[in-house]
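Worksheet for the structure shown next.
Chain identifiers are assigned alphabetically (A, B, ...) following the order of the sequence lines, protein sequences preceding nucleic acid strands; residue numbering begins at 1 within each chain.
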There are 2 protein chains.
Amino acid sequence: MPTSSKSDKRRTLTSAKIIEAALTIADTQGIETLSMRKLATALNVTAMSMYNHVANKDDLLSLMLDHVVSEFELPNKDGPWQDMLRRRAHSMRRAFLRHPWAPTLLISTITNGSHTMQDTNATLGCLINAGFSYAAADWARNAIDSHTFGYTMQELNFPVEPDKYKAAAAHYLPEIDKDKYPYLHSATEVLIKGEYDGITQFDFGLDLILSGLSPDNSQ
Amino acid sequence: MPTSSKSDKRRTLTSAKIIEAALTIADTQGIETLSMRKLATALNVTAMSMYNHVANKDDLLSLMLDHVVSEFELPNKDGPWQDMLRRRAHSMRRAFLRHPWAPTLLISTITNGSHTMQDTNATLGCLINAGFSYAAADWARNAIDSHTFGYTMQELNFPVEPDKYKAAAAHYLPEIDKDKYPYLHSATEVLIKGEYDGITQFDFGLDLILSGLSPDNSQ
DNA sequence: ACCTGAACACCGTTCAAGT
DNA sequence: ACCTGAACACCGTTCAAGT
């Protein structure tokens, strides 16, 4: 008689499998629906068996976040440092669009997974090699990341689909008091008239920061 | 016999009182500890009586957020537009430091409280009066807010107190693999040696954005 | 060593019943 | 009109018991 049979569930569970299933649930159904019991059902085990592979739910979330960070493009290639940092920022934004629950948790969680450390190391290295001091590199990285997190989190919360934006604005216009909020009212009217599409560009703020940065301008 | 006596609890509860008590709990004990039952206990009522004044917990959170927005300084005074926007951004950051739970919720919640609408109206108005088009004003506001949200949320998550940062870095250094993460290792060494204080400045990124902005540079 | 069922101490919210 | 107690359908996590 073999030690493992079809009905023997031992060793079938791994932390990698748990993380994968958790990411699928969070991406498709929302992080707020991810419970230990639901995740266990998806994996065909009980909630408690997962505690043999992850310490608790917070630990699981950290492991999920480090996976998201693994999708960032490392700025450790050759070429102009601005291009590498722009490509990393774009890849961050795309990872966040794939995993919309991630930025909120990532920015409010202390993570020291290996992918997170690798990203920090490569990003600092890119700036150091471009001639930035360690202090200036830290400041520059912080400015770029602030924009990337802040912009993408606002973008993810955008209340309507881009192509439905004008219709939604037209519907909402009567509820904006013209005397109390004249500029907001006019901005909504301009939007409806179609003079601009209401979409602010990620690159607008990113380029303001990247063009302002130089190895010498920060003390 | 009067219709209200000492033991008659009717009419003692208002949404303002609920919001005030909820803000106190969230600010002092953390938003994750705020439950309807705990809040009710603090107000000396049962959880269910609050449902006569707020629709549900989400509604309560929206009301709390609009209060936080009421602490933003409106950029509707006279003076250079850059100064007004800088003061608004500083007041946002200070409000977030007072209410550390707020930015995460504010950036991921659709709010249309009156203070939120007033803030949007005044911020757009400041830029319009400075000669920005409605489209450019929207882009500029988005760039400034992205930085303010992103920076302050990173700051709030900063793992240690500023004055303990060097000690914490020294303690953490041995755990950073020098061969795998050379730049991160060196950055930590530089930090411990005290060549800079490891504090990135809010104004560094904000000034990059404000000096790059002008009524003509965005299409 | 790994998996499980039962239990504990919580949640937000509903509902019918009080005054 | 406003407040309440009991109940419902959940949570994350512990613990002792299985194999």
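Look at C:dC3: it lacks any Watson-Crick or wobble partner with both distances under 3.5 angstrom. Nucleotide D:dC8 forms a pair with C:dG12, judged by Watson-Crick or G-U wobble geometry with both contacts under 3.5 Å.
Ring centroids of A:Phe149 and B:Tyr151 are separated by 6.0 Å or more, keeping the two rings apart.
Using C1' as the reference atom, D:dC10 and C:dC8 are 15 Å apart when rounded to the nearest Å. Nucleotides C:dA9 and D:dA9, compared at atom P, are 22 Å apart to the nearest Å.
For the pair A:Asn44 CG and C:dC3 P, the computed distance is 13 Å after rounding to whole Å. With rounding to whole Å, B:Met50 atom CE is found 10 Å from C:dG12 atom C1'. Taking atom CD1 of A:Ile18 as the reference point, atom P of C:dC2 lies 12 Å away to the nearest angstrom. Note: CG (B:Asn52) to C1' (C:dG18) measures 13 Å, nearest angstrom. As rounded to whole Å, 10 Å separates atom P of D:dT13 from atom CG of A:Asp59. Taking atom CD1 on A:Ile25 and atom P on D:dC11, their separation rounds to 11 Å, with Å as the unit.
If you find the closest nucleotide of DNA chain C to B:Asn56 and to A:Ser49, the one lying nearer the 5' end belongs to A:Ser49. Residue-to-nucleotide proximity on DNA chain C shows that, of A:Ala47 and B:Met48, the 5′-proximal contact is made by A:Ala47.
Between the side chains of B:Thr148 and B:Arg93, not a single donor N or O lies within less than 3.5 Å of an accepting N or O. Side-chain contact, B:Gln154 with A:Ser146: a donor N or O sits under 3.5 Å from an acceptor N or O. In the model, A:Asp179 has no side-chain atom that pairs as donor or acceptor with a side-chain atom of A:His185 under 3.5 Å.
When distances are taken from the side chain of B:Leu13 to each of D:dC3, C:dC3, C:dT13, the shortest belongs to D:dC3. Here the side chain of B:Tyr51 is nearest to one of C:dG12, C:dG5, C:dC2, namely C:dG12.
A heavy-atom distance below 4.5 Å is not found between the side chains of B:Thr116 and B:Phe72.
Classification of A:Asp145 and A:Arg88 as a salt-bridged pair holds, one side-chain N sitting under 4.0 Å from a carboxylate O.
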Practice item. Show your working on side chain to side chain donor-acceptor pair (under 3.5 Å) between B:His99 and B:Asp27 and close with a plain yes or no. Key: CA-CA 5 Å; B:His99 311 290; B:Asp27 291 349; 2.8 Å; yes

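Contacts between residues 27-43 of chain A and DNA chain C, defined by a heavy-atom separation below 4.0 Å, involve no residue at all.
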